[in-house]
2 protein chains.
Amino acid sequence: MEQPFQIQSNGGVTAPKGFLAGGLHAGLKKTDRNDLGVILCEVPAVAAAVYTTSIFQAAPLHVTRNSIAESNGYLRGIVVNSGNANACTGEQGEKDAYLMRAEAAVAFGFAEHELAVASTGVIGELLPMDIVTAGIKKLPTVLEANDEGAEQFCQAILTTDLVKKEIAVTLQVDGKTITLGGAAKGSGMIHPNMATMLGFVTTDAVIEPAVLQQLLREVTDLTFNMITVDGDTSTNDMLLVMASGLAQNESLNPTHPAWDSFVAAFRHVCEYLAKEIARDGEGASKLVEVQVHGAVSDNSAKAIAKTVVGSSLVKTAIFGADANWGRIIAAVGRAGEPVNPNTVDIQLGAIEVLKDSRPIRFDEDEALAYLQGKNVVIQVYLHQGDGSAIAWGCDLTYDYVRINAAYRT
Amino acid sequence: MEQPFQIQSNGGVTAPKGFLAGGLHAGLKKTDRNDLGVILCEVPAVAAAVYTTSIFQAAPLHVTRNSIAESNGYLRGIVVNSGNANACTGEQGEKDAYLMRAEAAVAFGFAEHELAVASTGVIGELLPMDIVTAGIKKLPTVLEANDEGAEQFCQAILTTDLVKKEIAVTLQVDGKTITLGGAAKGSGMIHPNMATMLGFVTTDAVIEPAVLQQLLREVTDLTFNMITVDGDTSTNDMLLVMASGLAQNESLNPTHPAWDSFVAAFRHVCEYLAKEIARDGEGASKLVEVQVHGAVSDNSAKAIAKTVVGSSLVKTAIFGADANWGRIIAAVGRAGEPVNPNTVDIQLGAIEVLKDSRPIRFDEDEALAYLQGKNVVIQVYLHQGDGSAIAWGCDLTYDYVRINAAYRT
């Protein structure tokens, strides 16, 4: 089927009508990189968010949840800092997160509950509020409605990420052009259920808050919740969507004829950002995609795909370009899901390495060449039912160890 | 409480009365290290075993299970090879494992079902049966009832292990000396539920098969099933116990006055071997022990302890001697267990780093010095109930990546 949307050659969160963004260096990071960013909407935007499942949800998540609840599903914008996660910071951390929102409300002239906040970085240290406050006061001066604003915002949310992650796509609905933009950051403590992952999607589509929230939940389960870098789930993960409605289409919901197209575009934006996070995982040299077919259910396939893509032994084998299917099948076998031990086929790219759970002869040079590429696809066929799933991750490299043996110091 | 048993300064599986062991180089490994070993008992020994939970249980496990069932819980010995796991080898692999048992029965003059077999090494390649058969024929010539036989056996079961793992302890029961001996190997694909882990415990205690099996199950859950090296569970894990009965005590069971002492000795042997496997995990530079106290139940504490000790981010931080308690609490928070987010205390050795879920000031130099040691204990106090557990693992190092990026090639 042809893609019902167009991927733009550049652009990010400011691509949809009504959005501005920007970023600056406030002083939270020791380097001169941006560490404070903002996305604003010219009109109240329908907002939906999903949050980490960690018990230790960081303070900014409580504040964002409060804003969306207080405003009945609308936001005018979000202020984000990197360099400090404001997590495990107790009552003072809560106060600081609310103060961050209040300062932003003053700077931009909105009510407090019209703004959300997010933080990413080191856990357990109080936010230096003098630096944050001074930075927020300057934020209005860096707001731009163009690609440069989106880019500066992208830079402001990075921590150990090497590259910015942004995308813009368009589609036609009711004779109007709807645009979606997205930005995200990784790159460690990444695992299903939202990790040190921050994601922001903007659109000018008209859509009701409850419909947007339901869509966000469903698409997150197929995209951001299907990536893992290191199996660790962060305290700060959040994915926020804002819809300005300025495209003036008929309100989108499952009965709208263009609903499937909109879902496909929305899913593409989320999947693109999720894959970019996996590809840029700490120390990663490759993007790894694990497809599971023929499981007893989609959920079973998901569990198996996540187990394989998260296996340290699979990840190191792929780093070494070693066609070690034994580790793949070992991961399949420990996933705790129903698997017939005699009917498993495995392919690396187009190379069949296992048929009916038995190794088959393959060209080792061809396999080496394939695994030395930047994108590795592992396909697992179980022949048990119709369930399927795709998960994404990365290889486990020397650089992962180097980065994480000395992150805090 | 004083330990009710004595740890011997040396000795292994041949320490208890009635046991002989040995090992030799048959040619399965490319180096000249031992790759075929045997433990034999002069009399039929009560036998019990636990096996991997992987769906892809390797062929030798089926054969061992068959032997113990056929002989109603007795064995005369076990033959073990390293260098090839005989896993994912289909019907031919099953035939080969049964043939390995049959050849050993001929060599030692026992019925087939009196012998067990085990394999460890590369997955998915057929055993070279000419080499295995020739080696088995020579095994009777290397049998010894002394420490040298135990040592040669230990060497024969190693793969990427750096050091042999063996122990002997004694205790007094009914005026008789009971001895327990043990041997084990790791060291990758190690995770709860038996990994590429082979463990062998011998004793001369008198004990019934059903009692021994029950004891083995309970102690395994507290020892071998509480270690992780890399989160991967192997197809070949097995822990086998044989009791010769030659100590001539009254049969041991929970009503025997010395039962608790025997359990303590048995648990010590298993815990020692499990910890040695964790300490010698692939690439490991440290043994990490995670104690969880005050959980809602022991099972909840176990899940949390395993999550923390298995976290790649915790493991790399410990490799880097970084007192990064943020990663510890993040792992606690994603374990899926009931935790009060406001009442968690964390200690690194004797150094308190978190109180009531808030960081407290600690001496960074002292923490650095502690974390640079060879043994790191992380204590987590939840203040929710009486559940507690201990899990063991190791740090994640450059050497882990090096070893696993090129294992098969």
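Letters A, B, ... mirror the listed sequences (proteins, then strands); counts begin at 1.
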Completion exercise
Counting heavy-atom pairs under 4.5 angstrom with chain A, the leader among B:V401, B:T397, B:V339, B:D399 is B:V401
Completion exercise
If one checks every heavy atom of B:V344 against chain A at 4.5 Å, the contacting part turns out to be side chain
Practice task
Please flag which part of B:L354 lies under 4.5 Å from any non-hydrogen atom of chain A: side chain, backbone, both or neither.
Solution key: neither
Problem - Side-chain heavy-atom pair B:P128, B:L28 within 4.5 angstrom cut-off - result: yes
Fill in the blank from the handout: Pair count under 4.5 Å, heavy atoms only, with chain A: among B:T89, B:V332, B:D356, B:L396, highest is B:T89
Practice task
Could you look at A:I318 and say if it's the side chain, the backbone, both or neither that has a heavy atom under 4.5 Å from chain B?
Solution key: neither
Practice task
With B:H383 as reference, evaluate B:D345, B:T343, B:N342 under the side chain to side chain donor-acceptor pair (under 3.5 Å) test and give the passing residue.
Solution key: B:D345
Practice task
Mark yes or no: A:R402 above the aromatic ring of B:Y398, with NZ or CZ under 6.0 Å from the six-membered ring centre and no more than 45 degrees from the axis.
Solution key: no
Practice task
Side chain from CB out, backbone as N, CA, C, O: work out which of these in B:E337 comes under 4.5 Å of a heavy atom of chain A, or both, or neither.
Solution key: backbone
Handout entry: Heavy-atom side-chain proximity of A:Y381 to A:Q347 below 4.5 angstrom
Key = yes
Problem - pair B:V309-B:V314: side-chain heavy atoms closer than 4.5 Å - result: no
Exercise for the section: With the side chain counted from C-beta on, respond yes when A:P338 and A:Q384 share a heavy-atom pair under 4.5 Å apart, and no when they do not. Expected result: yes
Exercise for the section: Report the option among A:S357, A:G124, A:A317 that has the most heavy-atom pairs separated by less than 4.5 Å from atoms of chain B. Expected result: A:G124
